[in-house]
Amino acid sequence: MAEFFKDIPKIPFKGVNSTDPLSFKYYDPDEVVLGKTMREQLKFALSWWHTMGGDGTDMFGVGTADKSWGESDPTARAKAKVDAAFEIMDKLSIDYFCWHDRDLSPEYGSLAATNEKLDEIVDYIKEKMDKDPTKKLLWGTAKCFDHPRFMHGAGTSPSADVFAFSAAQIKKAIESTVKLGGSGYVFWGGREGYETLLNTNMGLELDNMARLLRMVIDYGRSIGFTGDFYIEPKPKEPTKHQYDFDTATVIGFLRKYGLDKDIKMNIEANHATLAQHTFQHELRVARDNGVFGSIDANQGDPLLGWDTDQFPTNAYDATLCMYEVLKAGGFTNGGLNFDAKARRGSFTPEDIFLSYIAGMDTFALGLKAAAKLIEDGRLDKFVEDRYASWTTGIGKDIIDGKATIDDLEKYALEKGEVTDSLSSGRQEYLESVVNQVIFNL
Ligand code: XUL
Ligand code: CO
C-alpha cells in the first residue's frame with residue numbers, strides 16, 4: 001500500500017522545550033493525568049470531512065489543497081482516503097475517527113447504487129480495523145444537507161418524500177456505524193431550520209424532526225447499537241435559524257417529545273460562540289442536565305460571525321473545556337473530535353499534521369491545567385463558600401421543602417434588610433487564579 005506522507009515521521013513527544021515542528025510539546029499519550037493516560041482522557045478523533053475531503057474551497061475560490069489522494073475514480077479515491085486516514089491517525093497517535101456517510105463514499109445516482117458503494121467502503125474500513133484494533137469509530141452521521149433534495153431540510157422538509165429519503169439514508173448510516181462498532185451516532189441539523197416563517201409550518205417541522213429521531217433511535221437499538229446518540233446544537237448556518245439552536249433549546253425539544261433519555265449532546269466550540277455563549281457555558285448546561293456526551297473541538301474567530309472551524313489553539317478555552325469534562329466524570333462513549341480545518345492558506349500535506357499537533361497540544365495543555373485547577377481547589381472552595389447559606393438555616397429549610405412562603409415572609413420581615421448577607425464575587429481574583437495555574441512559569 002502506498003505511503004502518502006513519506007516525509008512525515010510518526011510524531012514523537014519531545015516535550016515543552018522542543019522546537020521540532022513535527023513533535024508534540026504537551027501531548028504525551030502515555031502520561032497519566034488524574035488517574036488516566038492522556039490518550040484515555042482526551043480520546044482524539046480525526047474528522048473525515050475536513051481532513052480527507054476539505055480542500056480549502058470557499059465562496060470566493062476553488063480549493064488550494066490537493067485532496068484527490070492520487071485517484072480520479074470515485075471508488076478508488078474513497079479507498080485511498082481510507083488508507084491515507086489510517087496513516088494520518090497512526091502517525092499522530094489518534095485512535096478515533098468520525099464521518100458523514102458521503103465523506104466515505106459519494107452519491108452514485110440512485111439510493112440503491114449509493115448504498116452498495118458505501119457498503120464497499122465500510123467493509124474496506126472494517127477490514128483495516130480488524131487488522132488494527134487500536135483504530136475506533138467515535139461516531140458516524142448522515143450527510144443530509146448537501147444534495148439539492150435537502151434544500152428545505154431533511155427531517156423537517158415540507159416534502160414527505162424527502163423525509164422518507166432522509167430516513168432511508170440515516171437507516172443505512174446507523175447500520176454502517178454499527179458495522180464499524182461505533183460508540184456514537186450524531187444528528188447535526190444541517191438544514192433543519194428556516195429562512196422565513198412566511199413559508200414555514202414550524203410546529204409540523206419540529207413534530208416531524210422528533211418522529212424521525214424516534215424512528216432512528218428505535219431502529220438503532222433494534223440492530224444492536226449500544227452507543228450514544230447525540231444532537232449537535234448550532235444556532236444558524238446554513239439556515240438563518242436552526243432548530244437545534246443551543247443545548248438549552250435542544251433539551252426543551254427533547255423533553256417535549258419524550259426523547260430526553262435517548263439523546264445526549266455533542267458540543268462544538270464554534271457553535272457555542274455562534275449562539276453567543278461560551279464553550280464552557282454549553283458544556284455546563286449539558287453537564288448540569290446529565291446530557292454531556294461528546295465534543296467537536298475547534299474555535300471560531302471572534303472578529304468573524306460564522307463557523308470558521310479553526311483548529312483549537314486557545315489554551316485558556318481548552319482549559320475551561322477540560323475542567324467541565326473532568327467535572328462531568330470524563331468521556332465515556334464520547335471524545336474530542338477535531339471538527340476543524342487548516343486555513344485555506346495552509347495548504348500543504350504537512351499542514352494537516354501541524355494543525356492536528358497544534359490542536360492536540362492545546363488540549364493536552366488544557367487537560368493538564370484543568371487537572372491542576374481541580375487539585376489546587378481554590379475555585380471549588382470559593383464556589384462552595386459562596387453558596388454556604390444553602391447548607392444551614394433558612395437555606396437548608398428551602399432546599400428541604402420545609403419553608404413555606406409565609407415562613408420566608410416572616411424571616412425577611414424579621415431581618416428587615418439582607419444586603420449584608422452578600423460577599424464579593426471576586427471575579428478578577430478567580431481569573432488571576434486561573435492564570436497562575438495555567439502559566440505557573
Ligand atoms: C457543521 C458541523 C458538522 C457536524 C456533523 O457545522 O459541525 O460537521 O459536526 O454533521
Ligand atoms: Co461539528
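All ligand and atom numbering here is 1-based and tracks the order in the structure.
- Of all the heavy atoms in F150 and Q169, the pair that sits closest is CZ-OE1, 3.5 Å.
- Minimum heavy-atom separation, A286 to I267: CB-CD1, 4.1 Å.
- Some N or O of H100 is nearer than 3.5 Å to an N or O of ligand 1, by distance alone.
- Residue contacts with ligand 1: D309 is placed with no nitrogen or oxygen under 3.5 Å of a nitrogen or oxygen of the ligand (distance criterion only).
- Remark: the Y124 side chain and the D83 side chain contain an N/O donor-acceptor pair separated by less than 3.5 Å.
- Between W188 and ligand 1, not a single N/O pair is under 3.5 Å apart.
- Close N/O approach between W139 and ligand 1 is not found [any backbone or side-chain N/O within under 3.5 Å].
- Using a 4.0 angstrom heavy-atom cutoff, E237 does not count as in contact with ligand 1.
- Checked against a 3.5 angstrom limit, the closest N/O atoms of K234 and ligand 1 fall inside it.
- Side-chain contact check for E205 and T200: no donor-acceptor pair (N or O, by modelled atom type) lies under 3.5 Å.
- Minimum-distance N/O/S atom of E268 relative to the Co ion (ligand 2): OE1.
- Using a 4.0 Å cut-off to heavy atoms of D307, the atoms of ligand 1 that qualify are 6 (O).
- At a heavy-atom cutoff of 4.0 Å, ligand 1 is contacted by no atom of K143, backbone or side chain.
- Of all the N, O or S atoms in D296, the one closest to the Co ion (ligand 2) is OD2.
- Neither the backbone nor the side chain of N266 has a heavy atom within less than 4.0 Å of ligand 1.
- Ligand 1 does not have V186 within reach: every non-hydrogen atom of the residue lies 4.0 Å or more from it.
- Not one N/O/S atom of D309, from backbone or side chain, sits under 2.8 Å from the Co ion (ligand 2).
- Separating the NZ atom in K341 from the OG1 atom in T51 is a distance of 11.5 Å, to the nearest 0.5 Å.
- With hydrogens and angles left out, the side-chain atoms of N199 and T196 include no donor and acceptor closer than 3.5 Å.
- Ligand-side atoms of ligand 1 in range of E232: 2 (C), 3 (C), 4 (C), 5 (C), 7 (O), 9 (O), range being under 4.0 angstrom from any heavy atom.
- Under 3.5 Å, the side chains of T114 and E107 contain no donor-acceptor pair of N or O atoms.
- Relative orientation of the F187 and F229 rings is parallel, given thresholds of 30° and 60° on the angle between their planes.
- Nearest to atom 8 (O) of ligand 1 by heavy atom, out of N298, D339, T141, is D339.
- When distances from the Co ion (ligand 2) to the N, O or S atoms of E232 are compared, OE2 comes out shortest.
- Residues N298 and D309 bring a donor and an acceptor atom of their side chains to less than 3.5 Å of each other.
- Taking CG of D95 as the start and CG of L42 as the end, the distance is 11.0 Å to the nearest 0.5 Å.
- Residues L274 and K236 approach most closely at O-CE, 3.7 Å, considering heavy atoms.
- For D339, the N, O or S atom with the smallest separation from the Co ion (ligand 2) is OD2.
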